[in-house]
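Every number for a ligand or one of its atoms is a count from 1 in the order of the listing. Note that the structure is a prediction, hence the values are computed from the model and not measured.
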Amino acid sequence: MVKNINEIYKQLGIDDEVLKYAEERLKGLRERFAGIDETAEYNQLKVLKALQECRVSDACFSASSGYGYNDLGRDTLEEVYSKIFNTEDALVRPQITCGTHALNVALSSNLRPGDELLSPVGKPYDTLEEVIGIRPSRGSLKEYGVSYSQVDLKPDGSFDYENIKKAVNDRTGLVTIQRSKGYQTRPTLSVESIGELISFIKGIKNDVICMVDNCYGEFVERIEPSDVGADMVVGSLIKNPGGGLAPVGGYIAGKKECIENAAYRLTSPGLGKEVGASLNVIQSFYQGLFLAPTVTASALKGAIFAAAILEGLGFKVHPDADTKRHDIIQAVTLGSAEAVISFCKGIQAAAPVDSHVTPEPWAMPGYDSDVIMAAGAFVSGSSIELSADGPIKEPYNVYFQGGLTFPHAKFGIIKAVQQLKDDGIIKLS
Ligand SMILES: *Cc1c(COP(=O)(O)O)cnc(C)c1O
């Protein structure tokens, strides 16, 4: 018996009109998807080569406990990461609780009282405002005597070189560059443009540490910011590099001295990288990393498909469907709180876990407005899994990301469109 695909979509609540519209939009994307598959192929081989060169074996998957001295799996994985990111060293740990924590460790360990931190790419990710002390917060860098300065991108999204040059001074100890747009509608930076910015900054002050917040960017391109001069790249394992399998964790890859500083801060002065048991999670770190290039490709296709579909419905999308991608986030300006809530309901209803629950906006630590999050994930809060979130404030953007497989990302977007239609927010004909 031939099974009809429309039939199973219908059983899952998608009507013919929505499905027909979605399939039409998808037709135009095949060529772009082929390019994404090629990047995934390149990165798959890059990861494989690193695993082979580091002689990863069964012994690397054993759990360690207690102090975690001589943890072969942990030490080898850190070597694998440094090969992939083309760095001298790396710190990849389940004790790093999330991306914000990884960034906090990298920043607070490589800055000293009296130093200044510079962001030449505008406002950093919301949670970093409290790390830095832009919003007063206990334990912030500001409390420890680290000042902050910021140069915004120009209105067209390009670097404001003139003001960046003025902002770099004797005290500038570290420059933080966020690759992804985060909760903003500015363009995401390409690795190439990050390289140009780093060259410019090093040309003014050679010994300044250039750190890149690499969240959501890993494996989207064939090169990473550490290939073009970044001293440190930092990210979360419940985003791209964990491949959906890592249940927790973060990484920092970079110059030996930067990583040593970070390790002394993460554990303790004197102990550094030597301690930190990898517990029972190390195999999922390896296996997730192995899957990460194709998982990232699925998420990327989902983002482009979402852009194509929502653009066609008259919403403003960032970036638009034709733009070259440098991260997996798709921002859509939905224009009202009702539309943001409706979209997120649709994504939630498409999830493999908790599809029966209804997401509601609520106050989240680290964010300055209520946020609605749709995430029916196997790993709690994982945003490499299909997820959408939106701060309930002007201009009512929703940020959509993830999808461990493309068929699931596709279904999620279709379901969100169906929800918008059912709630009377859009009309298809
Ligand atoms: C997700 C993200 C972070 C913070 O990571 P968490 O794991 O949510 O703490 C920081 N910067 C950017 C650009 C991000 O996307």
task: Please step through salt bridge (charged side-chain N to carboxylate O under 4.0 Å, His left out) for the pair D115 and R171, ending with a clear verdict.
output: CA-CA 5 Å; D115 283 351; R171 295 195 301 115; over 6 Å; no
Output the distance between atom [atom1] ([X]) and atom [atom2] ([Y]), rounded to the nearest 0.5 Å.
X: T39; Y: R222; atom1: OG1; atom2: CZ; answer: 5.0 Å
X: D227; Y: I194; atom1: CG; atom2: CD1; answer: 11.5 Å
X: S383; Y: I329; atom1: OG; atom2: CD1; answer: 7.5 Å

query: Taking any residue with a non-hydrogen atom under 4.0 angstrom from an atom of ligand 1, which ones do you get?
result: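 Contacting ligand 1 under 4.0 Å are C98, G99, T100, L103, Y125, Q178, D213, C215, Y216, S236, K239.
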Pairs flagged by side chain to side chain donor-acceptor pair (under 3.5 Å) wherever residues 289-308 is involved - sequence neighbours left out: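 Side chain to side chain donor-acceptor pair (under 3.5 Å) check on residues 289-308 returns D37-K301.
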- prompt: So does K123 pair up with E129, basic N to acidic O under 4.0 Å?
  reply: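 Counted as a salt bridge, because a side-chain N and a carboxylate O are separated by less than 4.0 Å.
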